[in-house]
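Worksheet: the structure to be examined is printed underneath.
Letters go in sequence order (proteins before strands), and every chain restarts at 1.
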Amino acid sequence: MALIGAFMERTLINDLRSQVGQVVTIKGWLQKLRDQKKMQFLVVRDHTGAVQVVFEKAANEELAAKISALTAESALKITGLLIDNPIVKMGGLELQLQSVEVENMAESPLPLDPFAETLPDMDYRLDWRYLDMRRPEVALIFRVQTTAEMAMREYWIKEGFREMHSPKLMGSPSESGAELFEVQYFDRKAFLSQSPQFYKQMAMSAGYDKVFEIGPVFRADPSFTSRHMTEFTGVDVEISWIDSHEDVMKFHEEWVAYIYQRVKEVHGEEIKAMLGVDVVVPETPFPRLTMSEAYAVLKAQDYALPPERKGDIDPGGERLLGKYVKEKYGNDFVFIIDWPIAVRPFYHMRHADNPGLTKSFDLLANGLEITTGAQREHRMEVLLKQAVEKGLTAEPIQFYLDFFKYGCPPHGGFGMGLNRFVMVLLGLNNIREATYLFRGPNRLSP
RNA sequence: GGGGGCGUGGUGUAGUGGUUUAACAUGCGGCCCUGUCAAGGCCGAGACCGCGGGUUCAAAUCCCGUCGCUCCCGCCA
């Protein structure tokens, strides 16, 4: 703040209180103009707040006319004397306008009025996302996301993690049947990465011990739901020298609790006031349900699982489990562990005493799947055998298999959807709300 | 890929066979009033009811097709 003030003539609206009695300059948007006979009132907003600006028309008719011509949401620079005025409902402050500079006049009418009583459809809001995002509630979502990512990094750094940036262009499809986007790559084909999975495991083989990556993930799945996107931000973690997936879960839950705690500290009150959501720091450890226990719970509640999908849980079942765990343990989070090999990829390690089950987990948050994790199979012969069992051939994944030839430690990790995480954290009902610019099967712009 | 729902002024909605020259709110334009502050009052512009076809004396309203959006399932994060 002080640094900016040193070379920029501007006071943030949130900092005005300390400048009473001085001439200050604010920069922001005209949220409301109340143009009266003798007086003009302007509500001006920047990214920190809003303040009332007042002008007495008789003082300067020319300036008054200039103000009258201002349109809603124009970008303005206003200089005036800041006074304390308890009558003003907006913080008891008032800026007595001396000059106004129009940096960018907004066309009128606005295609989307950020301060209208009713909110347009999501799709329309996405068409005019930059206007939609002027709403303080939307701005809050992305301030929270920033804090959340900061907290993630704080925790990682403290634990000795290294940040990786793996390539998103790949020469061959990595995981078997995954839906990949194909792109033209000079005179051949390339694919957009649908997970940094293999590359973060390579870092384990490189001896980096613990790594994380926050980056884009592409999925060519034509999914039309409130929680799927074709491009999203993945949060990936991989940890070496673990004994089992339990070690990964232990890290995961403490890390999540820390993020919640930081977000609550920094934004808790605002979130409550603007979004009506109480950020509750979850108790650790999170409850754990094995797949068979999860099935028993669902069966006890007469939930009918689709018979042909044996070994998996459908979204309705996940929501019910979330509700069950909330009631029984008072926790929004639950790990579903030990998934059958049929529904897990070849690289998940299997239980030594039960080869039909993997040492894997999903993390459900309020009944929504936000994370998949596992201990990885680091013994090359076993890995290859499991790949073949899944119908894969060695050639396309040979580069991956090679990671395990020269001293790769036992390891495991998880991949979490950042947007889903923010969605659950803030109680948003659609992933588009938690995403800067949504990408779906039918949306590539703006 | 399968299924459901919805498409009415800029936006959000009402109207679901004939008093519809399509209503209401908000926004926009004009005027009036007012140290205003969810401002108030009056007036005005703005929709061939997504598109195409059909049924009917009569369609925003029913049927078919089509496009768009949306949610659910599948898939996943």
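The distance from atom CG of A:L119 to atom P of B:U26 is 17 Å, rounded to the nearest whole Å. For the pair A:L363 CG and B:C76 C1', the interatomic distance rounds to 15 Å; values are reported in whole Å. Taking atom NZ of A:K37 as the reference point, atom C1' of B:C31 lies 12 Å away to the nearest angstrom. Going from atom CG of A:L110 over to atom P of B:G29 covers 10 Å, rounded to whole Å. Protein atom CE of A:M39 is 15 Å distant from nucleotide atom C1' of B:C33, rounded to whole Å. Distance, A:I313 CD1 to B:C76 C1': 14 Å, rounded to whole Å. Remark: P of B:A77 and CZ of A:F218 are 16 Å apart, rounded to the nearest angstrom. The interatomic distance linking A:Q40 (CD) with B:A39 (P) rounds to 16 Å, in whole Å.
The residue A:P111 sits close only to the backbone: its heavy atoms come under 4.0 Å of sugar-phosphate atoms, none of a base. Using a 4.0 Å heavy-atom distance criterion, A:R125 is classed as making no nucleic acid contact. Counting any heavy atom pair closer than 4.0 Å across all strands shown, A:G415 reaches sugar-phosphate atoms only and no base atom.
Separating the C1' atom of B:A77 from that of B:G2 is a span of 23 Å, rounded to the nearest Å. Nucleotides B:G40 and B:U36 are separated by 11 Å at their C1' atoms, to the nearest Å. Nucleotides B:A25 and B:G15, compared at atom C1', are 15 Å apart to the nearest Å. B:G9 and B:A47: their C1' atoms are spaced 4 Å apart (whole Å). A distance of about 38 Å separates the C1' atoms of B:U66 and B:G29, rounded to the whole Å. Nucleotides B:G18 and B:A23, compared at atom P, are 16 Å apart to the nearest Å. A distance of about 43 Å separates the P atoms of B:G53 and B:C42, rounded to the whole Å. Taking atom C1' in both B:G50 and B:C43, the straight-line distance is 32 Å, to the nearest Å.
Looking only at atom types and distance, the side chain of A:T290 has a donor-acceptor partner in the side chain of A:S292 under 3.5 Å away. In the model, A:Q40 has no side-chain atom that pairs as donor or acceptor with a side-chain atom of A:Q36 under 3.5 Å. Side-chain contact check for A:N331 and A:E283: no donor-acceptor pair (N or O, by modelled atom type) lies under 3.5 Å.
Taking A:R135 as the reference, A:D132, A:E137 meet the side chain to side chain donor-acceptor pair (under 3.5 Å) condition, with sequence neighbours excluded. Remark: A:F403 pairs with A:F399, A:Y400 by the ring-ring contact (aromatic ring centres under 6.0 Å, His included) rule, at least two apart or across chains. Evaluation of the ring-ring contact (aromatic ring centres under 6.0 Å, His included) rule for A:H245 yields A:H351 as partners, not counting sequence neighbours. Judged as a side chain to side chain donor-acceptor pair (under 3.5 Å), and not counting sequence neighbours, A:S108 has no contacts. In terms of the ring-ring contact (aromatic ring centres under 6.0 Å, His included) criterion, residue partners of A:F212 (sequence neighbours excluded) are, by chain and number, A:W156.
Within residues 421-446 of chain A, the residues having any heavy atom under 4.0 Å from RNA chain B are, by residue number, A:N430, A:I431, A:R432, A:N442. For RNA chain B, the neighbouring residues in residues 224-232 of chain A, judged by any heavy atom under 4.0 Å, are A:F224, A:T225, A:S226, A:R227, A:H228, A:M229, A:F232. Listed in residue order, the members of residues 129-148 of chain A having a heavy atom less than 4.0 Å from RNA chain B come to none.
Listed nucleotides: B:U11, B:C76, B:G74. Nearest to the side chain of A:P222: B:G74. For A:Y124, the listed nucleotide lying nearest its side chain is B:U11; candidates were B:U70, B:C28, B:U11.
A ring-ring contact (aromatic ring centres under 6.0 Å, His included) check over residues 419-446 of chain A, counting only residues at least two apart or in different chains, returns the pairs A:Y260-A:F421.
Interatomic distance, A:F181 CZ to A:E179 CD, rounded to the nearest 0.5 Å: 9.0 Å.
If you find the closest nucleotide of RNA chain B to A:E56 and to A:T71, the one lying nearer the 5' end belongs to A:T71. Nearest-nucleotide positions on RNA chain B for A:S108 and A:Q96 put A:S108 closer to the 5' end.
Ring planes of A:F161 and A:F251: tilted class, angle from 30 to 60°.
When the shell of 6.0 Å around CD of A:E107 is examined, it contains 12 or fewer heavy atoms from other residues, nucleotides or ligands. Atom CE of A:M291 is surrounded by more than 12 heavy atoms from other residues, nucleotides or ligands within 6.0 Å.
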Review item, side-chain donor-acceptor pairs of residues 110-124 of chain A, under 3.5 Å, at least two apart:
| unit_1 | atom_1 | unit_2 | atom_2 | d |
| --- | --- | --- | --- | --- |
| A:D113 | OD1 | A:F115 | N | 2.9 |
| A:D123 | OD1 | A:R443 | NH2 | 2.8 |
| A:Y124 | OH | A:P111 | O | 2.6 |

Please tabulate the protein-to-nucleotide N/O contacts below 3.5 Å involving nucleotides 36-38 of chain B, giving atom names and distances.
| unit_1 | atom_1 | unit_2 | atom_2 | d |
| --- | --- | --- | --- | --- |
| B:U36 | O4' | A:Q36 | OE1 | 2.7 |
| B:U36 | O2' | A:R34 | NE | 3.3 |
| B:U36 | O2' | A:Q36 | OE1 | 3.4 |
| B:U36 | O2 | A:R34 | NE | 3.1 |
| B:U36 | N3 | A:Q52 | OE1 | 2.9 |
| B:U36 | N3 | A:Q52 | NE2 | 2.9 |
| B:U36 | O4 | A:Q52 | NE2 | 2.7 |
| B:C37 | O4' | A:R34 | NE | 3.4 |
| B:C37 | O4' | A:R34 | NH2 | 3.3 |
| B:C37 | O2 | A:K89 | N | 3.4 |
| B:C37 | N3 | A:K89 | N | 3.3 |
| B:C37 | N4 | A:I87 | O | 3.0 |

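Formation of a donor-acceptor pair under 3.5 Å by the A:R129 side chain with backbone atoms of A:L437 is not found in this model.
A:F414 and A:F335 have their aromatic ring centers separated by at least 6.0 angstrom.
Taking a pair as Watson-Crick or G-U with both hydrogen-bonding distances under 3.5 Å, the stems of three or more pairs touching RNA chain B are B:1-7 with B:67-73, B:10-13 with B:23-26, B:28-32 with B:40-44, B:50-54 with B:62-66.
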Q.
Let's go through A:R420 and A:E369 carefully: what are the C-alpha distance in whole Å and the side-chain angles of both, what is the deciding distance for salt bridge (charged side-chain N to carboxylate O under 4.0 Å, His left out) to 0.1 Å, and is it a yes or a no?
A. CA-CA 8 Å; A:R420 283 193 179 180; A:E369 184 181 334; 5.3 Å; no
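The base of B:C75 lies close enough to the side chain of A:S223 for a donor and an acceptor atom to sit less than 3.5 Å apart.
A cation-pi arrangement is found for A:R162 relative to A:Y208, the charged atom lying closer than 6.0 Å to the ring centre and inside a 45° cone about the ring normal.
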